[in-house]
Amino acid sequence: MDTIPSRYNPKETEDKWYALWQEQEFFRACPDKAKKPYCIVIPPPNVTGILHMGHALNNSIQDILMRYHRMKGFESLWMPGTDHAGIATQNVVEKAIAKEGLRRNDLRREQFIERVWQWKEQYGSTIIKQLKKLGASCDWQRLRFTMDEEYSKAVVEVFVRLFEKGLIYQGSYIINWCPRCATALSDEEAPHHELQGNLYYLKYPYKRDPAKFVVVATTRPETMLGDTAVAVNPKDKRYKKAVGQTLILPLANRQIPIIADAMVDMKFGTGAVKVTPAHDPNDYLIGKKHGLACINVMFPDGRLNEQAGDYNGMDRFEAREVIVEDLKEQGLLEKIDPHPLSAGHCYRCHTIIEPYLSKQWFVKMKLLAKPAIEAVKKGKVKFYPKRWTKVYLDWMENIQDWCISRQIWWGHRIPVYYCNQCLEAGKSKMSNPKLKINSKFQNSKHENGIIVSRSKPEKCPKCGSTDIYQDEDVLDTWFSSWLWPFATFYWPFDALNAERATQNANDLKYFYPTSALVTAPEIIFFWVARMIMAGLEFMKEVPFKDVYIHGTVRDIEGKKMSKSLGNIIDPLEIINEYGADALRFSLISITSQGQDVYLSKDRFEQGRNFANKIWNASRLVLMNLDPGRARADLCVFFKKESLSVVNRWILSRLYSTLKEVERSFSEYRFNEAANLLYSFFWHDFCDWYLEVIKADIRNTHNQVVMYKVLEKFLRAMHPCMPFITEEIWHLLPGATDSIMRQSWPHIQEQIIDKKLEKEAESLFSVVTHIRNLRAQLGIALDQAVVVSVYPHTVSKRKLVEEYASLITNMAKLQTVYSLSHNKRPVRAISSVTEDVDIYLHSEGVIDADKEKEKLVLKIQELRKLAHAKEARLANNDFVTRAPAEVVAKEKEGLAELSGTLARLEKMAKELA
RNA sequence: GGGCAUUUAGCUCAGUUGGUUAGAGCGCUACACUCACAUUGUAGAGGCCAGAGGUUCAAGUCCUCUAAUGCCCACCA
């Protein structure tokens, strides 16, 4: 046993055990009717991703839940996979090919997609490897990818079903357009951020009298070339006469009307607003109401187009400057006021989005949202912490239609086909039903010529023409992710042979609804809410019962960790330096429910140190088990009464701790569980128990108990720290199998004895007091001293006398005398516990004044407490209204305090 | 403009349904390398629980207001 090194080295153990677990298929989960299912689907990381601290936290939590439930006897499935992450991945690959001097459009679509697949093959498994490093116990045989062939079938199926149900429609609306990514974005993908802008006051001259103007205020003057009206509030007296008149749009020299609309806020700006239906969602609504034309003045890349005349080809922000300059020259700029405004930003590349009129596909959400709202209200899905319920409900109750088409190449192609012949026949002038520049306002459905189909049709079902082409757009990534809890089981099974179809249907039936979803608050809308809707729509059942929302990982200054800020702490670096167990434990121990996590690197030392502590305590235990002792000898059961107080104490502490840990896990209080285990092991087991029994460590009872406690602790600890617990498990005598396959320790309630815990701890407190006295006098440890104690109760006297050697050993004494009288010995300094007077005999001179001062301070402190209690007990309201047990406790406390006080006062008198 | 969260030791944070001497880790001070562990041990210092009101026998905990910080949502051009 002395071959065990004194430091735990995670590098020597982690990969070894992970390989074994995988080889033995311990992560595999298959329906087992004898067992209850437990299932978590992983939030699929982006296939382009690399593991960051957020992942580390997220997956540590999931792995703890998985391992815990597995040990608790559940058939436990952790479904792994990755997300194709349309825009994100496309951007990454575009950057990669840019290094070869290529742009996306230099390649054909198929070529580009081929490049993405290549990229995926090469780098797509990075994050999976990293999750393995972390210890993630996913059923890797089930690894899924949102662009898998079968998964794609699910996506198409869902699109078709929703279309047939009338919940998917195509239409021209103002959407969020990212000019850099050249695609539409959903509202959720275009979060608003405040930025410092200007409010430009522009003068639009009247046609009748060009010397007179209406002044409009705008933050985006470059869109003025697309203005088709100026609107005022009908109640606005300033503009009473103006309504109906015609203005000359400067620079463009077009005539535009002044219209009245209640949407206009009289208090803002000048009360007159320029109306640009093609470039602003509100203006669009006004335009629609008043039948205004939509003039799109921009190319999809954010440059002004030919509609902008002289400004054609100019970038939108450059054009802003130039247009303002030109207006100024013409005397048509009244003023510029600084004005903070908030604008949508592309969540992928952070470019300011452009509200842009285009034809897109949408999902009607109201109908889907309804049952999903109900489900949460009825508690079929529960959020932890609870407060997210409200966030979810607020969003769901105000849900907007979901723009699902994206003008990129990497993703699920929209299963919509167009028949050229029917389109022609349908008098549609659109040669390309996609982006129209400067088309007149349209809201047609183009029912004619549109074919929505699960597979590419050979010919048009209407006219039989083969002149058919597929919609160029792909679907929003989340339109596939929202199916994750059931599509990962190969739903709708069509792509499978009969045998596999049956098997997967069984799996789905067994594991769905899944048990818990663990994720970050950022994606409640993107993902969680939509999964609930999809689950209810297609499975007729919620996708998960619990949603645990953990905090965001931030750096020590509270900033979100991100590459661009350069404040990343790389989890792999931490694993390399401190070990995966240390990483996991440290993360868990500081994640109180739903709070953000502020991290600095030194936090991981705690985990590392704890691992080392476990390692060394185990060493001590192992080194002191009799060599021949078989496992069976160590599993014997002793009658409680035959065990020493200390043995009974540690067992009681073990089970009370485990009981609390269980409760913490069930409430998703991981930090609490971690800290309970930590404090039990370090302080109770190591600091007291092992130190106490060291003197007689080969005693049979002691061997059995220390073994038992260690063994159970390891099992309890395994979900948090899987590697080190496995390593030590195999060092235990007679170890077979893996700790993963053991059950989580059963809690033996009958062994929990709170009174006994207190008694043992009062014994320990005598030791602490003596150590304190030693430290006060600066007595070195090798200087054996003599102590006398006077216990004030019979039972304590018995305890102290029985465990005199414990006190002697732990406080490094020569002897401890139990006094039969409570008279202060000469040449001694004193201390008092609740019911034991302690005197440490000193050879040297005792400073009586100092000793007295100490006593007086203590007396004062206790008196204050006693007075407070007296006052409380004297209060009739308290005595009559507080629960009897609280009053009783208070009385007890006062009695104890009074006793102690009396003793202290007597001591003080003796000193005088 | 709405909503949520946070404010407790020098630092980072725990503190369940109110119950009475407010805890942990790190850091700090003093002492200690006798063989489980210096990634350690022993002892200690350190808190008007953001502020002001209120409810209650009892408030870090519940209510109201205020302040600071952070986050989310929202079409003031």
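The shown structure was predicted, so the numbers you read here are calculated from the model rather than taken from an experiment.
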ask   = Could you spell out the base pairing of RNA chain B in dot-bracket, with Watson-Crick or G-U pairs whose two distances are under 3.5 Å, [ ] crossing and | to another strand?
value = (((((((..((((.....[...)))).(((((.......))))).....(((((..]....))))))))))))....

request  = Check each of A:Y678, A:Y689, A:F681 against A:F713 using the ring-ring contact (aromatic ring centres under 6.0 Å, His included) test, and report the only one that passes.
outcome  = A:F681

request  = Provide the distance between the two C1' atoms, one in B:U61 and one in B:A43, to the nearest whole Å.
outcome  = 33 Å

query = Taking all non-hydrogen atoms of both residues, which atom of A:I174 and which atom of A:P277 are closest, and how far apart?
reply = CD1-O, 3.2 Å

message = How many whole angstroms separate atom CD of A:E691 from atom P of B:U34?
response = 15 Å

query = A:Y707: what forms a ring-ring contact (aromatic ring centres under 6.0 Å, His included) with it, not counting sequence neighbours?
reply = none

key: Test applied, ring-ring contact (aromatic ring centres under 6.0 Å, His included); reference residue, A:F526; option that passes from A:W402, A:W395, A:Y347   = A:Y347

task = Among the candidates B:C37, B:U20, B:C76, find the nucleotide nearest to the side-chain atoms of A:D265.
result = B:C76

key: B/S/- contact track for nucleotides 23-32 of chain B, protein heavy atom under 4.0 Å   = --S-------

task = Grab the two heavy atoms, one from A:T833 and one from A:T900, that are nearest each other, plus how far apart they are.
result = O-CG2, 4.4 Å

request  = Determine the interatomic distance between C1' on B:U17 and the same-named atom on B:C13; round to the nearest Å.
outcome  = 23 Å

request  = Check every atom of B:U16, B:C75, B:C73 against the side chain of A:E667 and return the nucleotide holding the closest atom.
outcome  = B:U16

